[in-house]
2 protein chains.
Amino acid sequence: MKTDTVFKRAYNDALDLISRLAEGEPLPSENTLSASMGVSRTTVRKVIASLKASGVISGAGRERNVHPSSPSMHRFPESETVPMAAQVEERFMEWMLRDNARPGTAINELDLARKFGVATTGIREFLNRFQRFGLIEKRPNAGWVFKGFTTNFALELFEIREMFELRSARALAAMPDGSSHWVQLEAIRREHVDLLNDIEARYHDFSDLDSRFHRLISSAAPNRFIDSFYDIITVIFHYHYQWNKHDERQRNEVAIREHLTYIEALFTRNVTMAELACRAHLTSARETLLRSTSMH
Amino acid sequence: MKTDTVFKRAYNDALDLISRLAEGEPLPSENTLSASMGVSRTTVRKVIASLKASGVISGAGRERNVHPSSPSMHRFPESETVPMAAQVEERFMEWMLRDNARPGTAINELDLARKFGVATTGIREFLNRFQRFGLIEKRPNAGWVFKGFTTNFALELFEIREMFELRSARALAAMPDGSSHWVQLEAIRREHVDLLNDIEARYHDFSDLDSRFHRLISSAAPNRFIDSFYDIITVIFHYHYQWNKHDERQRNEVAIREHLTYIEALFTRNVTMAELACRAHLTSARETLLRSTSMH
DNA sequence: GTCTGACTTTTAGTCGATAAAAAACAATTT
DNA sequence: AAATTGTTTTTTATCGACTAAAAGTCAGAC
């Protein structure tokens, strides 16, 4: 059956929201809650019913009030709020990147299903979606093979990334002065500066900023295939950095400086300079990734 | 349960093979058959047992003989030899391209499952794999939306295609003289000439030749992401041309001539000329596709 | 040493059922 | 009448079971 992770996450979110209200305040309408928590009204009602049962909400119908001071504000554990599919992804990535799975390893659906505690259909679905990452391959009627997180993988990934990024950088540099992209670029430049000023404490935040920066650039000339490729990059980097902390602070600091050079070059509208800065940054990003693949 | 399409296809293949042998000839060994038909020995044995029961094969053990003249050489209908997943793909493509599905249409798993006569899991699996084509989009917990086989789709597809193809053409032009690629290119050039000489009768054969030609070019510098993108193109074109026969002969003839120009340019090793011919061909291919999207 | 026979074990493909979540519809209240 | 709550219907996410196909084993025959 379907898991109730959506409900549990919504329940926790509702608690957070209520704790920001004052004792006795009226509860927002079901539709408002539905919109703000990103779930259906059906789920909102279930959450409300549940919160009423534990005394965090009182009243009924249009007259519902909130009791953030209630002693029974118990949250569901974080682990129960993540849907099965996401768990499978997490566990698989862990197996692949952290446990250094060998190229050529056969992937066994039933085995993974048992290890991850899910039904085989869940594994199949994940593998089917994951195929586009280029790290596994299907042999009909005979399972999947892991192709390896290898040097070649990193090189091929970056070859495409460079083509896409250069093309987008050129498009961005050619944007008219009035375009909102320049405003967004300035905003993200400032974020870089801020992060750099507090790098010791906040260097973990770079991963997210990096992803948003590159997505901003490619938004200059939207293309669904490029966007979908960036999804792959984002996921790979997300998990990769989660398990490879070596030199993280320094790596990120270098990358931020490269980004800033790149941004300045874009602001000059000089295509050649922008290309140069873009190439320089990607080359160093590739080196970083390569260093960790060759450890395998 | 699992369907026995593998068995049925192998059975038909075995009949074909036997019909090419003379009456009373010995049957090849189980291992030989397994290798030549691309199925396991287990399946081969099942086929042999079945063929013996219907009298097409006589004897046992090492002494098995073949009777192609037997009156009971009945093949399984073609439709029973195609696995569920392939059927779903076919039906979905038909719905999308032939029935001109509207952009924004919601895709309903249960509904499709009923229409196609398969379980919902089969549909889910297909949609998950099909997502990378950029024609559908998932909204978690709320199904899929068809984004439409639109002008934009064709433009975005061809933007990527051009980037990839130019890059591969450059790589091919830079190949050393001794490389086997030149031999293969000459072979495929000849195929083009042959097809052109018999265009009236054989213009249907172009689709396959086209796909092989472009794959040969991209094999000059292999990259899994590019290969996977060519899979998308191949599928799109396969189905598209299956249901859009307008001007097919003339279209294909023009494309063959463009290919020949392109091939000649590659043989000169002159990168600029190769790029020019490549661009010219892709532009005309894009026009063709655009014409049929705008009909929607 | 290759081939068949007769198994056994493992794995993939497919189905149908069921609870959760979303969506649609109906009934209120302000 | 617009917004809100109450009720019913539709649709998705997940499981577990079942069968075909693959893969492996090992003995014996040619």
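Each chain gets a letter, A, B and so on, in the order the sequences are listed, and its residues count up from 1. All values derive from a computational prediction rather than experimental measurement.
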Do the side chain of [X] and the base of [N] come within less than 3.5 angstrom through a donor-acceptor pair of N or O atoms?
| X | N | value |
| --- | --- | --- |
| Arg62(A) | dT4(D) | yes |
| Thr3(A) | dA13(D) | no |
| Thr5(B) | dA20(D) | no |
| Ser40(A) | dA23(C) | no |

Base, sugar-phosphate, or nothing: which does [X] touch, judged by heavy atoms less than 4.0 Å apart?
| X | answer |
| --- | --- |
| Gly122(A) | nothing |
| Asp111(A) | nothing |
| Arg64(A) | sugar-phosphate |
| Ser29(A) | sugar-phosphate |
| Ile107(B) | sugar-phosphate |
| Lys8(B) | nothing |
| Thr121(B) | base |

Rounded to the Å, how far apart are [X] [atom1] and [N] [atom2]?
| X | N | atom1 | atom2 | answer |
| --- | --- | --- | --- | --- |
| Arg124(A) | dC15(D) | CZ | C1' | 15 Å |
| Glu63(A) | dG6(D) | CD | P | 12 Å |
| Arg41(B) | dT4(C) | CZ | C1' | 6 Å |
| Gln87(A) | dA13(D) | CD | C1' | 13 Å |
| Lys2(A) | dA13(D) | NZ | P | 5 Å |
| Glu109(B) | dA20(C) | CD | P | 18 Å |
| Leu110(B) | dA21(C) | CG | C1' | 15 Å |
| Ile123(B) | dT14(D) | CD1 | P | 18 Å |

To the side chain of Thr42(A), which of dA22(C), dA20(D), dT14(D) is closest?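 That would be dA22(C).
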Among dG5(C), dA21(D), dC18(D), the one nearest any side-chain atom of Thr43(B) is dA21(D)
Return the 5'-most residue of the pair Thr32(B), Ala119(B) with respect to DNA chain C, ranking by each residue's nearest nucleotide.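 Looking at DNA chain C, the more 5' nearest nucleotide goes with Thr32(B).
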Next on the checklist: Closest-nucleotide mapping onto DNA chain C: is Asn141(B) or Pro140(A) further toward the 5' terminus? I mean the 5' end.
Outcome noted: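 Looking at the nearest nucleotide for each, Pro140(A) comes out on the 5' side.
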Next on the checklist: For a side-chain hydrogen bond (donor to acceptor under 3.5 Å, both in side chains) check, start with the C-alpha distance between Thr81(B) and Arg75(B), then their side-chain angles and the critical distance, and finish with the verdict.
Outcome noted: CA-CA 10 Å; Thr81(B) 68; Arg75(B) 297 165 55 88; over 6 Å; no
Both Glu125(A) and Val39(B) contact DNA chain D. Which one's nearest nucleotide lies toward the 5' end?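 With Glu125(A) and Val39(B) compared, the 5'-side residue is Glu125(A).
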- Message: I want to confirm an ordering. Mapping Ala60(A) and Met84(A) to their closest nucleotides on DNA chain D, which one lands closer to the 5' end?
- Response: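 Result: Ala60(A).
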Within 45° cone and under 6.0 Å: Arg161(B) NZ/CZ vs Phe237(B) ring: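 Yes, cation above the ring, under 6.0 Å and within 45°.
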Taking 4.0 Å as the cut-off, does a side-chain nitrogen or oxygen of [X] come that near to OP1 or OP2 on [N]?
| X | N | result |
| --- | --- | --- |
| Arg45(B) | dG5(C) | yes |
| Asn108(B) | dT12(D) | yes |
| Lys46(A) | dA21(C) | yes |

Practice problem: Return the orientation label for the Trp243(B) and Tyr239(B) ring planes: parallel under 30°, perpendicular over 60°, tilted otherwise. | Solution: parallel
Using a strict threshold of under 4.0 Å (side-chain N to carboxylate O), is an ion pair present between Asp4(B) and Lys8(B)?
yes
(message) If only side-chain N and O atoms count, and only distance matters, is there a donor-acceptor pair under 3.5 Å linking Arg215(A) with Thr234(A)?
(response)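 The answer is yes; a qualifying pair exists.
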Please check if the number of heavy atoms outside Arg102(B) that lie under 6.0 Å from its CZ is greater than 12.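 Counting other residues, nucleotides and ligands, CZ of Arg102(B) stays at 12 neighbours or fewer.
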### side-chain hydrogen bond (donor to acceptor under 3.5 Å, both in side chains) evaluation trace for His238(B) with Ser207(B)
CA-CA 7 Å; His238(B) 172 80; Ser207(B) 170; 5.2 Å; no
